[in-house]
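First the proteins, then the strands, lettered A, B, ... as listed; each starts at 1.
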Number of protein chains: 2
Amino acid sequence: MSKYTVAVVGATGVVGQEIIRTLEAREFPVKTLVPLASERSAGSTVSFNDEDVTVQVLKPESFKGVDIALFSAGGSISEAFAKHAVEHGAVVIDNTSHFRMHEDVPLVVPEVNAHAIKRHKGIIANPNCSTAQMVMPLKPLHDRYKIKRVVVSTYQSVSGSGKEAMQELEDFSRANLSGREYEPQVYPHPIAFNVLPHIDVFQDNGYTKEEIKMIEETKKILEDESVQVTATTVRVPVFVGHSEAVNIEFETLPESIEEVRQILSEFPGVTVMDDPKNNVYPTPREQAGEDDTFVGRIRYDLSKPKAIEMWVVADNLRKGAALNAVQIAEAL
Amino acid sequence: MSKYTVAVVGATGVVGQEIIRTLEAREFPVKTLVPLASERSAGSTVSFNDEDVTVQVLKPESFKGVDIALFSAGGSISEAFAKHAVEHGAVVIDNTSHFRMHEDVPLVVPEVNAHAIKRHKGIIANPNCSTAQMVMPLKPLHDRYKIKRVVVSTYQSVSGSGKEAMQELEDFSRANLSGREYEPQVYPHPIAFNVLPHIDVFQDNGYTKEEIKMIEETKKILEDESVQVTATTVRVPVFVGHSEAVNIEFETLPESIEEVRQILSEFPGVTVMDDPKNNVYPTPREQAGEDDTFVGRIRYDLSKPKAIEMWVVADNLRKGAALNAVQIAEAL
């Protein structure tokens, strides 16, 4: 089997670390791991296959000899450095939003549209975390019933904002439980024991960028501009794991909820966890650390025929980021 | 001014305590306060207008001489004792779900349908907390644009489950931050750093009772069975304050979002808090302790014409419970 030189850009970040763990856990055929980061983190080490690998400063020439470069260090880093990776002959798998909507860049969730990878011109984009986990159950339902419209509300964990946000939730919660004040640093409002209807920056139309990502990326991944989506994205005081309340209106009425469960459970990477009377439904804290996307609370919408409601949970660092990126590398 | 003898059933509970504070804060004309509770709490005292009032054991004859009886001790207590209060000539304002959908019982949010109070035959019902705060902004929008359908996802605080739940969130969070395990007592899954798509018991159709309450009570309060509602109700690790992502489809297209803001801001008890680019939107933790229902994130739905999205926050112990109950008493 061929082995590859794999660069991880943003190797010390929450997602970068998870990518390295995932490469190891899935026994990706790595010849050499090249962890790259900013000067601040350079010189530190990351552990890979029981060896300590020194983190190097990211430079244009870092990509010499690299076959696959996994980027997760923010959109501006991808904008500045992806071209250097491509010039050196690497295939870039980019976890930021920078290239996702570019016409020449496939946006891929392997279970949904692996075929799109073939069209790549050096860069393949990994979708936004909340989109990735939503399109997993949407895809087989779209194929069977044709989706007209999706109304989604999210419950997103702080790990989506990075290490400092996870620390802020911990420190803030601890301070409050000890009766101490805490001044928010990462979020504009308190994140401990609170929820914030605000992820990424606001646009003129009143939506956040995160909401727009869910709308646009869903259409691109499902390869169907007719799928209408609206979203409200909300940050909740959970460390890892995103949840979504998803309302879906179809062209065709599902014959039964059991049929919907059957279709979902046959789709790779989706686990149906839906026995509410026995308190069986996914929760982010309990499903964190798992690879699959979990679906529960499946039921007919009582307000509209041909519509259903469901509850979708996944580990945002895995299916929403690192796992999906490594799955793209595997599909390559 | 006439003064009234007011009984509070469930006087030591979270809502009962809030009712007593609200009677005091709003200077309700109380001649005598009669705090009632189970044997377990009897003999303890509650503070009212700087006096300690002894809690008495709830009995059928407790209502002798009572003018107004505010019930918030659970549906079975209301079922068993409301009739005794009525027999003794009291008007019952019931905060449980027991009588809400009875044809003879008005279900009232005073700003929305105070006129319904007149029809009472001894019992007036206070709506479910998540319904009460939602119908506040829905009412003026329904009057102006006619609502066809509402898709709501909630983010509900643990105070809605009572004192033990608030203690569980505190103890569980503290344990986890100290690296200790904690066995859930109140909720079937961990509530600390987690979200649970489960409020009240599950029914055969896959909905929880809480979700059905939002669907049925909204129609009853708006006095329009044509308003279609679907709901997903979710518990979040917040102590006080419920939030709701509300998608509303109208018959008539609002001319502008500014017009929607104007209509909402003119409605009594609603405060528009909507300047997202300056991080101005309501959050439950920050709006807890306030009487109004707060609305932010108002925007056109990008998936459907004639639809909008909004974010609704209120203190569930106030507008969702105690405040609304006392407002009904005032309207009486």
Side-chain angles (χ1 to χ4, degrees), chain A residues 149-155 157 169-170 173-174 177 188-190 192-198 201-202 204-208 211-212 215 228-232 234 236-239 241 243 245 247 257 274 276-277 279 281-286 296-304 307 309 311, chain B residues 149-153 155 157 169-170 173-174 177 188-190 192-198 201-202 204-208 211-212 215 228-232 234 236-239 241 243 245-247 257 274 276-277 279 281-286 296-304 307 309 311:
Chain A
R149 180 180 180 228
V150 174
V151 180
V152 56
S153 304
T154 71
Y155 303 69
S157 68
L169 174 58
E170 185 178 330
S173 303
R174 206 187 293 277
L177 291 170
H189 292 268
F193 307 111
N194 201 15
V195 302
L196 313 184
H198 178 180
V201 299
F202 281 102
D204 288 336
N205 60 2
Y207 283 78
T208 60
E211 288 158 355
I212 298 298
I215 294 168
Q228 297 301 308
V229 182
T230 185
T232 301
V234 179
V236 295
V238 169
F239 286 105
S243 311
N247 181 286
I257 292 303
D274 192 18
K277 289 209 169 173
N279 297 325
Y281 42 74
T283 76
R285 177 178 168 148
E286 292 167 298
R297 305 276 344 258
I298 307 166
R299 60 208 193 275
Y300 284 116
D301 179 335
L302 299 179
S303 75
K304 188 140 203 148
E309 298 262 23
W311 175 251
Chain B
R149 180 181 180 225
V150 174
V151 180
V152 57
S153 304
Y155 303 69
S157 68
L169 174 57
E170 184 179 329
S173 302
R174 207 187 293 277
L177 292 170
H189 292 268
F193 308 111
N194 202 15
V195 302
L196 313 184
H198 179 179
V201 300
F202 283 101
D204 288 336
N205 61 1
Y207 283 77
T208 60
E211 289 157 355
I212 298 299
I215 294 168
Q228 297 301 307
V229 182
T230 184
T232 301
V234 179
V236 295
V238 169
F239 286 104
S243 312
V246 188
N247 181 286
I257 292 303
D274 193 19
K277 288 209 169 175
N279 297 325
Y281 41 74
T283 76
R285 177 177 168 149
E286 292 167 298
R297 304 275 346 257
I298 308 166
R299 60 208 192 275
Y300 284 116
D301 180 335
L302 299 179
S303 75
K304 189 140 204 150
E309 298 262 24
W311 175 252

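- Here the CG-CZ distance, from A:L169 to A:F193, works out to 8.0 Å after rounding to the nearest 0.5 Å.
- Of the two parts of A:S173, the backbone and the side chain both hold a non-hydrogen atom closer than 4.5 Å to a non-hydrogen atom of chain B.
- We find the OG1-CH2 distance between B:T232 and A:W311 to be 8.0 Å, quoted to the nearest 0.5 Å.
- Of the listed residues A:V151, A:D274, A:I257, the one with more heavy-atom pairs under 4.5 angstrom with chain B than any other is A:V151.
- The contact between A:L177 and chain B is made by backbone and side chain atoms together, counting heavy-atom distances below 4.5 Å.
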>> side chain to side chain contact (heavy atoms under 4.5 Å, CB included), that's the test. Do A:E211 and B:R297 meet it? Break it down for me.
In response: CA-CA 12 Å; A:E211 288 158 355; B:R297 304 275 346 257; 2.7 Å; yes

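- Heavy atoms closer than 4.5 Å to chain A are found in the side chain of B:R149, but not in its backbone.
- In terms of heavy-atom pairs under 4.5 angstrom with chain A, the leader among B:A307, B:A245, B:P284, B:A231 is B:P284.
- In terms of non-hydrogen atom pairs under 4.5 Å with chain B, the most contact-rich of A:V238, A:V152, A:T230 is A:T230.
- Heavy atoms of B:Y300 lying under 4.5 Å from chain A belong exclusively to its backbone.
- Comparing B:H189, B:Q228, B:E309 by heavy-atom pairs within less than 4.5 Å of chain A, the highest count is held by B:H189.
- Of the residues considered (A:P197, A:G296, A:P276, A:P237), A:P197 shows the highest number of contacts with chain B, using heavy-atom pairs under 4.5 Å.
- Proximity to chain B is limited to the backbone of A:V229, based on heavy atoms less than 4.5 angstrom apart.
- Put simply, the side chain of A:Y155 never gets that close to the backbone of A:G241: no donor and acceptor are under 3.5 Å apart.
- Heavy-atom distances place no part of B:I298 under 4.5 Å from chain A, backbone and side chain included.
- With sequence neighbours left out, A:S157 forms a side-chain hydrogen bond (donor to acceptor under 3.5 Å, both in side chains) with A:S159, A:H242, A:N316.
- Remark: A:H198 pairs with A:F202, B:Y281 by the ring pair (Phe, Tyr, Trp, His ring centres under 6.0 Å) rule, at least two apart or across chains.
- When the candidates B:L196, B:V201, B:V234 are compared by the number of heavy-atom contacts under 4.5 Å with chain A, B:V234 comes out ahead.
- Here the CG atom belonging to A:N247 is positioned 8.5 Å from the CG atom belonging to B:N247, to the nearest 0.5 angstrom.
- Contacts between B:L302 and chain A at a heavy-atom distance below 4.5 Å involve backbone atoms as well as side-chain atoms.
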